*Asks:* 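To start, I am sharing the structure in question, which I have written as structure tokens.
From a predicted model like this one, the values you see are computed outputs, not experimental measurements. Labels below follow one simple rule: chain letters A, B, ... track the order of the sequence lines, proteins then strands, and each chain is numbered from 1.
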There are 2 protein chains.
Amino acid sequence: MAVTIKDIAKAAGVSRATVSRVLNDSGYVREETRQKVLKAIKELNYTPSAIARSLSTSRTNTIGVIVPEINNPFFGEIIKGISQVADEHNLNIILCNTDDNKEKELKALKLLKQQRIEGIIITPTYPEDEFNREYLSSLENLGIPIVLLDGHVEYFNFSGVFIDHIKGAYDAATALIEAGHRKIAIITGYMNSRPARERLIGYKKALEINNIPVEEKYIFYGDYTHETAYNITKEILNMKDRPTAIFVMSNMMILGCMKAFYEENIRVPEDMAIIGFDKIDVLNIIGMNISFVNGPTIEMGKMGMKILIESLNNGKDVKELKRIILMPKLVLKGSEKLVKK
Amino acid sequence: MAVTIKDIAKAAGVSRATVSRVLNDSGYVREETRQKVLKAIKELNYTPSAIARSLSTSRTNTIGVIVPEINNPFFGEIIKGISQVADEHNLNIILCNTDDNKEKELKALKLLKQQRIEGIIITPTYPEDEFNREYLSSLENLGIPIVLLDGHVEYFNFSGVFIDHIKGAYDAATALIEAGHRKIAIITGYMNSRPARERLIGYKKALEINNIPVEEKYIFYGDYTHETAYNITKEILNMKDRPTAIFVMSNMMILGCMKAFYEENIRVPEDMAIIGFDKIDVLNIIGMNISFVNGPTIEMGKMGMKILIESLNNGKDVKELKRIILMPKLVLKGSEKLVKK
DNA sequence: ATGAAAGCGCTAACAC
DNA sequence: GTGTTAGCGCTTTCAT
């Protein structure tokens with residue numbers, strides 16, 4: 001079928017071993033011989049088979065990446081980061097999109113194992129309690145380095161890159177406080193998720209440090225969807241002791257807020273201040289200058305890949321875990337201001 | 001290292017061939033023996049090596065997917081579609097993100113070839129004139145099925161899935177005309193790209209059929225960026241004989257329009273009607289009900305994968321090309337209306 | 001500096 | 001039904 005190392009050897013009048021040597025720049029080979037081989041390679045348009053090489057070396061130079069929804073730009077950016085670093089190291093990426101489906105995830109794992117990938121990067125979305133044992137032990141049984149991105153699993157030994165959600169929320173709330181706000185509502189995400197819990201902690205901390213009482217009535221429990229955020233925002237706008245600012249925990253949810261504002265003719269920040277979490281380019285492009293806490297997604301992908309590569313180089317023996325906490329950055333656009341009337 | 005078919009054979013007290021048979025459900029094997037083998041597989045936690053199998057069968061069950069920017073949801077959705085179908089057929093996807101970089105693309109091709117992938121799906125973004133010969137012939141030299149998504153290359157023999165841009169634009173313009181508009185501006189994309197050219201044709205056709213003269217002054221040449229669309233929109237708003245509607249050719253550009261509207265306090269559709277191309281969820285979520293022509297992205301990915309699978313099954317001999325044209329769908333949200341004053 | 005040959009883990013004739 | 005054996009395309013000692 002395809003042209004093999006044997007054909008090159010014959011064409012160049014050398015042995016397969018010699019061809020292999022020039023292919024890998026290994027061992028000694030006379031310049032003259034090398035040229036002969038290279039010529040043959042070019043003439044026969046030969047590309048070595050990574051498959052055969054893998055079998056022989058038991059190195060596949062391939063890693064697996066598992067994401068829950070590839071069509072969400074958040075994951076797109078993560079993959080972009082991963083892919084950049086992978087590229088520099090000539091690693092292949094086998095992508096598995098699970099649509100948040102457990103079975104698919106298990107199946108993906110099996111496929112990846114068959115492919116003898118050398119490591120895995122996963123971006124889990126499940127609330128921890130659903131992160132079931134079967135799945136986790138499948139992972140551990142793989143016996144290869146695993147890196148978690150932005151999703152922490154307690155009591156399990158995985159490396160990972162995480163975001164300091166407490167810090168992010170703390171900064172956001174502090175910015176609102178410094179702008180002069182005292183009555184600050186918060187719309188949380190699904191409280192089963194660690195990020196949501198941590199962001200709430202950050203919010204409370206900021207209030208406490210500034211001697212502002214944390215009032216339950218200003219804490220609204222959402223679920224990351226824009227529909228819920230929309231309803232909550234409507235509710236907030238109708239409160240008797242209406243807050244002057246809202247801190248909302250995700251980019252999807254802020255869209256729900258904006259919709260409610262739009263309908264109720266609420267201007268930002270004149271009538272209500274707001275800060276979101278995670279970048280949402282669109283709002284800023286269309287000129288609504290919304291402040292937000294920016295989780296460094298591309299960076300997270302890059303770091304994750306770097307950690308993975310380190311683990312690969314360390315070899316089987318060294319099983320040292322590495323956890324990196326990335327700081328989110330507060331980007332102020334003006335929507336946090338307090339406008340006195 | 002890992003446990004191999006040999007270990008299973010020994011553990012089960014059979015030959016490797018028998019193990020292989022139960023692994024692949026091929027040939028005859030007594031139920032009793034099969035159970036012994038399955039037991040050994042389970043006990044030793046054995047997963048067959050796809051690598052070795054590939055080498056032996058010269059089938060990798062792997063395809064390559066090349067996209068220019070993975071973080072753009074447009075491509076994310078395409079991949080989602082691809083991945084769904086690939087999943088059903090137990091195919092692996094090696095993903096290459098090129099950041100619109102020619103060298104990366106060439107490099108990706110080389111890597112993929114080494115991996116002996118069985119087919120490729122590509123979403124080209126280059127204007128055709130830049131789609132250089134070297135790249136194209138690299139592709140053809142691969143000697144494997146290639147499927148193009150939403151990017152057509154003339155004079156080359158690739159299968160593909162395309163969108164009927166003429167129809168999409170025609171429908172959009174017709175909707176505006178039917179709403180009562182006569183002065184309809186259009187903001188085009190980069191005219192080197194086929195979609196932009198075709199969409200312009202569709203626009204003109206709709207006007208002609210309705211006996212509305214095509215006026216050059218209403219045709220604005222953009223480049224798919226929101227910045228340019230913003231400037232053009234400003235210009236449009238200041239025209240003496242100002243149009244009552246704008247048809248804008250991409251989702252990024254409509255953001256530029258909206259920004260200009262926002263700044264100039266233009267309401268949609270009261271002060272200006274607008275229709276875009278390609279879905280932009282966000283605007284509708286926040287309650288700006290923008291009509292748009294929806295290119296079926298997930299569907300495109302699915303169809304592309306299906307075509308590829310067919311080609312794979314047809315085998316080397318049959319080299320029949322398949323081109324599918326998908327119809328975009330006009331989604332009306334009200335922004336196309338003509339409001340009499 | 002180069003070649004011979006064994007082996008990576010699996011499949012597929014072929015033989016029994 | 002099951003085992004033997006020869007590859008698949010490459011790397012890697014070990015000789016020379």
Side-chain angles (χ1 to χ4, degrees), chain A residues 1-38 40-41 44-62 90 92 111 113-118 143 316, chain B residues 1-38 40-41 44-62 90 92 111 113-118 143 316:
Chain A
M1 201 195 79
V3 23
T4 78
I5 203 174
K6 211 169 164 182
D7 303 315
I8 302 299
K10 193 176 337 165
V14 298
S15 75
R16 297 177 311 187
T18 302
V19 176
S20 177
R21 281 184 193 106
V22 351
L23 244 28
N24 301 292
D25 275 325
S26 65
Y28 300 84
V29 42
R30 209 189 336 152
E31 184 53 27
E32 199 185 315
T33 322
R34 148 186 250 86
Q35 289 307 334
K36 269 194 304 187
V37 173
L38 288 176
I41 288 177
L44 298 182
N45 187 26
Y46 166 71
T47 308
S49 159
I51 304 291
R53 176 176 291 164
S54 291
L55 185 58
S56 172
T57 58
S58 48
R59 295 226 29 179
T60 56
N61 292 314
T62 300
N90 288 314
N92 294 293
L111 270 184
K113 188 174 180 193
Q114 290 185 178
Q115 294 298 329
R116 298 294 192 258
I117 51 158
E118 302 188 13
K316 297 272 172 195
Chain B
M1 201 193 80
V3 23
T4 79
I5 202 174
K6 211 169 164 183
D7 302 317
I8 302 300
K10 194 177 334 165
V14 298
S15 74
R16 295 176 314 185
T18 302
V19 177
S20 176
R21 282 185 192 104
V22 351
L23 244 29
N24 300 293
D25 274 324
S26 65
Y28 301 83
V29 41
R30 209 191 333 153
E31 185 53 28
E32 198 186 317
T33 323
R34 146 186 251 87
Q35 290 306 333
K36 269 195 304 189
V37 172
L38 288 177
I41 288 177
L44 298 182
N45 186 25
Y46 166 71
T47 307
S49 158
I51 305 291
R53 177 176 289 163
S54 291
L55 186 58
S56 172
T57 59
S58 47
R59 295 223 33 178
T60 55
N61 292 314
T62 301
N90 288 315
N92 294 293
L111 269 184
K113 188 175 180 192
Q114 291 185 176
Q115 294 298 329
R116 299 294 191 258
I117 51 158
E118 302 187 14
K316 296 273 171 195

*Asks:* Does a side-chain N or O of Thr33(B) approach OP1 or OP2 of dT2(D) to a distance below 4.0 Å, or not?
*Replies:*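 For Thr33(B), the contact criterion (side-chain N or O under 4.0 Å from OP1 or OP2 of dT2(D)) is met.
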*Asks:* Under 4.0 Å between a side-chain N or O of Arg16(B) and OP1 or OP2 of dG3(D)?
*Replies:*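 Looking at the OP1 and OP2 atoms of dG3(D), neither is under 4.0 Å from any side-chain N or O of Arg16(B).
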*Asks:* Do the side chains of Arg116(A) and Thr62(A) get nearer than 4.5 Å, heavy atoms only?
*Replies:*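 Sidechains of Arg116(A) and Thr62(A): no contact.
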*Asks:* Counting just side-chain N and O atoms, does Ser49(A) come under 4.0 Å of either OP1 or OP2 of dC10(D)?
*Replies:*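 Answer no for this pair, as no side-chain N or O of Ser49(A) is under 4.0 Å from OP1 or OP2.
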*Asks:* Between Arg59(A) (CZ) and dC8(C) (P), how many Å, whole number?
*Replies:*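 Distance, rounded to whole Å: 18 Å.
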*Asks:* Give the nucleotide from the list dC10(D), dA4(C), dT11(C) with an atom nearest to the side chain of Ile5(A).
*Replies:*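 Closest nucleotide to the Ile5(A) side chain: dC10(D).
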*Asks:* Flag the pair Asn90(A) / Asn61(A) as yes when at least one side-chain heavy-atom distance between them is below 4.5 Å, and no otherwise.
*Replies:*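 Of all side-chain heavy-atom pairs linking Asn61(A) with Asn90(A), none is under 4.5 Å.
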*Asks:* Give the rounded distance in Å between these two atoms: CZ of Arg34(B) and C1' of dT2(D).
*Replies:*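 Those two atoms, CZ and C1', are 14 Å apart.
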*Asks:* OP1 or OP2 of dG9(C) versus the side-chain N and O atoms of Thr4(B): is any pair under 4.0 Å?
*Replies:*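 It does not, given that no N or O in the side chain of Thr4(B) lies less than 4.0 Å from OP1 or OP2 of dG9(C).
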*Asks:* Taking 4.0 Å as the cut-off, does a side-chain nitrogen or oxygen of Arg30(B) come that near to OP1 or OP2 on dG1(D)?
*Replies:*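 Checking dG1(D) against Arg30(B), no side-chain N or O comes under 4.0 Å of OP1 or OP2.
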*Asks:* Are the side chains of Val29(B) and Val37(B) in touch, meaning some heavy atoms are under 4.5 Å apart?
*Replies:*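 Contact flag for Val29(B)/Val37(B) side chains = no.
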*Asks:* Please report the distance, rounded to the nearest Å, between CZ in Arg53(A) and C1' in dC8(D).
*Replies:*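 Whole-Å distance recorded here is 16 Å.
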*Asks:* Less than 4.0 angstrom between a side-chain N/O of Thr18(A) and OP1 or OP2 of dT2(C), yes or no?
*Replies:*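 No, because none of the side-chain N or O atoms of Thr18(A) sits under 4.0 Å from OP1 or OP2 of dT2(C).
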*Asks:* Tell me which of Pro48(A) and Gly27(B) sits closer to the 5' end of DNA chain D, going by the nucleotide each one is nearest to.
*Replies:*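 Whichever sits nearer the 5' end wins; that is Gly27(B).
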*Asks:* Pick base, sugar-phosphate or nothing for Val19(B), based on heavy-atom distances below 4.0 Å to the nucleic acid.
*Replies:*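 If one applies the 4.0 Å heavy-atom cut-off, Val19(B) turns out to touch nothing in the nucleic acid.
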*Asks:* Quick one: Gln35(B) CD to dG1(D) C1', roughly how many Å, whole number?
*Replies:*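 After rounding, the gap between these two atoms is 16 Å.
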*Asks:* For Glu32(A), I'd like to know if atom CD has over 12 heavy atoms of other residues, nucleotides or ligands within 6.0 Å.
*Replies:*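 For Glu32(A), atom CD is not crowded (no more than 12 foreign heavy atoms under 6.0 Å).
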*Asks:* Expressed as a whole number of angstroms, how long is the span from Leu23(B):CG to dT2(D):C1'?
*Replies:*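 One finds 16 Å between C1' of dT2(D) and CG of Leu23(B), rounded.
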*Asks:* Do Arg53(A) and Pro48(A) come close enough that some side-chain heavy atom pair is under 4.5 Å?
*Replies:*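 In short, these two side chains touch, coming nearer than 4.5 Å.
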*Asks:* Expressed in angstrom and rounded to an integer, what is the separation of Asn24(A) atom CG from dC10(D) atom P?
*Replies:*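 In whole Å, dC10(D) P lies 11 Å from Asn24(A) CG.
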*Asks:* Using the side-chain heavy atoms of Arg21(A), tell me which of these nucleotides is nearest: dC10(C), dT11(D), dT13(D).
*Replies:*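 Among the listed nucleotides, the one closest to the side chain of Arg21(A) is dT13(D).
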*Asks:* Looking at Tyr28(A), does any N or O in its side chain come under 4.0 Å of the phosphate oxygens OP1/OP2 on dG3(C)?
*Replies:*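 For dG3(C), neither OP1 nor OP2 has a side-chain N or O of Tyr28(A) closer than 4.0 Å.
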*Asks:* So, is Ser20(A) near the phosphate of dT11(D), with a side-chain N or O under 4.0 Å from OP1 or OP2?
*Replies:*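 Answer yes for this pair, as a side-chain N or O of Ser20(A) is under 4.0 Å from OP1 or OP2.
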*Asks:* Taking NZ from Lys6(A) and P from dA5(C), how many angstroms apart are they, rounded to a whole number?
*Replies:*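 Rounded to whole Å, this separation is 13 Å.
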*Asks:* What is the separation between atom CG on Asp25(A) and atom P on dC10(D), rounded to the nearest whole Å?
*Replies:*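 That distance rounds to 17 Å.
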*Asks:* What's the closest nucleotide to the side chain of Leu55(B) if the choices are dG3(C), dG9(D), dC10(D)?
*Replies:*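 Selected nucleotide (nearest to the side chain): dG9(D).
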*Asks:* So among Leu38(B), Val19(B), Val22(B), which one has a side chain to side chain contact (heavy atoms under 4.5 Å, CB included) with Ile8(B)?
*Replies:*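 In the set Leu38(B), Val19(B), Val22(B), the residue that makes a side chain to side chain contact (heavy atoms under 4.5 Å, CB included) with Ile8(B) is Val19(B).
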